[in-house]
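This report concerns only the one structure given below.
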Amino acid sequence: MKISNPMDKNRLGFLTIATDSSQARIGGLLLVNASGRPLEFHCTAAVKPNRAQEILYGPTLGEYLCGEQIGMALCDAIKQNPSMVLTDIPEVLALRPLVEFPLLLVVNEKNKRQKFPSELVQSAYGESTVCCVRKSYEKDFAAAEVIFDQLAVNLDIEEPFGRIDEAISEAQGGMRKQQVA
């Protein structure tokens, strides 16, 4: 007989994208349980657009790279479905039409000085958490509220982004060491 673990129902994904010294983008997705313990971690290889892509995609290049290419590759890699995914990269919201779970942008120190597109709407959770979604996905706020009520008590929703950045940095360091050796 399998015993159901209530923490298994509340899987929260954190997706961020780092930029390396060559301006290539590397994505990471950390899936955690309600206690913030990692269930899965995936990261992408560095993605750097060529000049033709920069010209052809124009102002939509960031959304294509971050949402459709990097974000989708990370979501395809996870084995357990998340209840919700949070990101700190506005361009990742382009992923939302391609996935079935709520996807919210967390407004934090890293991105709060950016100018967000006018199509984003905001909602506050608790005293310090502000999230954004595209107007066409405002229903994600209702789902998020339920999840935050269950998880936010135990979990700092900004902290996992730092873990992902450190893990990506560590993976890059390990790759450089292998190439040098």
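Just so you know, these numbers come straight off a predicted model, no measurement behind them.
Looking at Ile164, Thr16, Leu12 one by one, the single match for side-chain contact (heavy atoms from CB on, under 4.5 Å) with Leu30 turns out to be Ile164.
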Take Asp140 and Arg96 through the test salt bridge (Lys or Arg N to Asp or Glu O under 4.0 Å) and record every step on the way to the result.
-> CA-CA 10 Å; Asp140 285 358; Arg96 181 56 182 100; 2.7 Å; yes

Quick one: do Glu63 and Arg134 satisfy salt bridge (Lys or Arg N to Asp or Glu O under 4.0 Å)? Show the steps, please.
-> CA-CA 13 Å; Glu63 287 187 349; Arg134 289 181 168 187; 3.1 Å; yes

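Nearest approach of Ala18 to Asp165, heavy atoms of both residues: CB-OD1, 4.4 Å.
With values rounded to the nearest 0.5 angstrom, Leu31 atom CG is found 9.0 Å from Asn81 atom CG. If you take CG on Leu86 and CD on Glu158, they are separated by 10.5 Å, rounding to the nearest 0.5 Å. The distance from atom OG of Ser169 to atom CG of Asp20, rounded to the nearest 0.5 Å, is 10.5 Å. A distance of 14.0 Å separates CZ of Arg11 from CE of Met84, quoted to the nearest 0.5 Å. Here CD1 of Ile168 is found 5.5 Å from CZ of Phe41. Values are rounded to the nearest 0.5 Å. Atom CG in Leu93 sits 7.5 Å away from atom SG in Cys132 (nearest 0.5 Å).
At distances below 3.5 Å, not a single donor-acceptor pair connects side-chain atoms of Asn111 with backbone N or O atoms of Leu105. Within the 3.5 Å criterion, the main-chain N or O of Ile89 finds a donor-acceptor partner in the side chain of Thr87. Within the 3.5 Å criterion, the main-chain N or O of Val130 finds no donor-acceptor partner in the side chain of Gln122. Under a 3.5 Å cut-off, the side chain of Thr44 and the backbone N or O of Ile70 do not form any donor-acceptor pair.
The existence of a salt bridge linking Glu109 and Lys112 is confirmed by a sub-4.0 Å separation between a basic side-chain nitrogen and an acidic carboxylate oxygen. Using a 4.0 Å cut-off between a side-chain N of Lys or Arg and a carboxylate O of Asp or Glu, Lys135 and Glu119 do not qualify as a salt bridge.
In terms of the ring pair (Phe, Tyr, Trp, His ring centres under 6.0 Å) criterion, Phe141 has no residue partners (sequence neighbours excluded). Partners of Glu100 under the side chain to side chain donor-acceptor pair (under 3.5 Å) rule, at least two apart in sequence or in another chain, do not exist in this structure.
Note on ring orientation: taking the six-membered ring where Trp is involved, the planes of Tyr57 and Tyr64 are parallel (angle under 30°, cut-offs 30° and 60°).
Using a 4.5 Å heavy-atom cutoff, the side chains of Tyr137 and Pro102 are not in contact. Taking 4.5 Å as the limit, some side-chain heavy atom of Val32 sits within range of a side-chain heavy atom of Phe14.
The neighbour count for Lys79 NZ, taken as heavy atoms of other residues, nucleotides or ligands under 6.0 Å away, does not exceed 12.
Connection of Met72 to Leu65 is established within a shared hydrophobic cluster, with ILVMFWY side chains joined at heavy-atom distances below 4.5 Å, either directly or through further cluster members.
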Taking only distance into account, with no hydrogens and no angle test, what donor-acceptor pairs under 3.5 Å do side-chain atoms of residues 47-54 form with protein atoms, sequence neighbours excluded?
| from | atom 1 | to | atom 2 | distance (Å) |
| --- | --- | --- | --- | --- |
| Lys48 | NZ | Ser22 | O | 2.8 |
| Asn50 | OD1 | Ala52 | N | 3.1 |
| Asn50 | OD1 | Gln53 | N | 2.7 |
| Arg51 | NH1 | Glu54 | OE1 | 3.2 |
| Gln53 | OE1 | Asn50 | N | 3.0 |

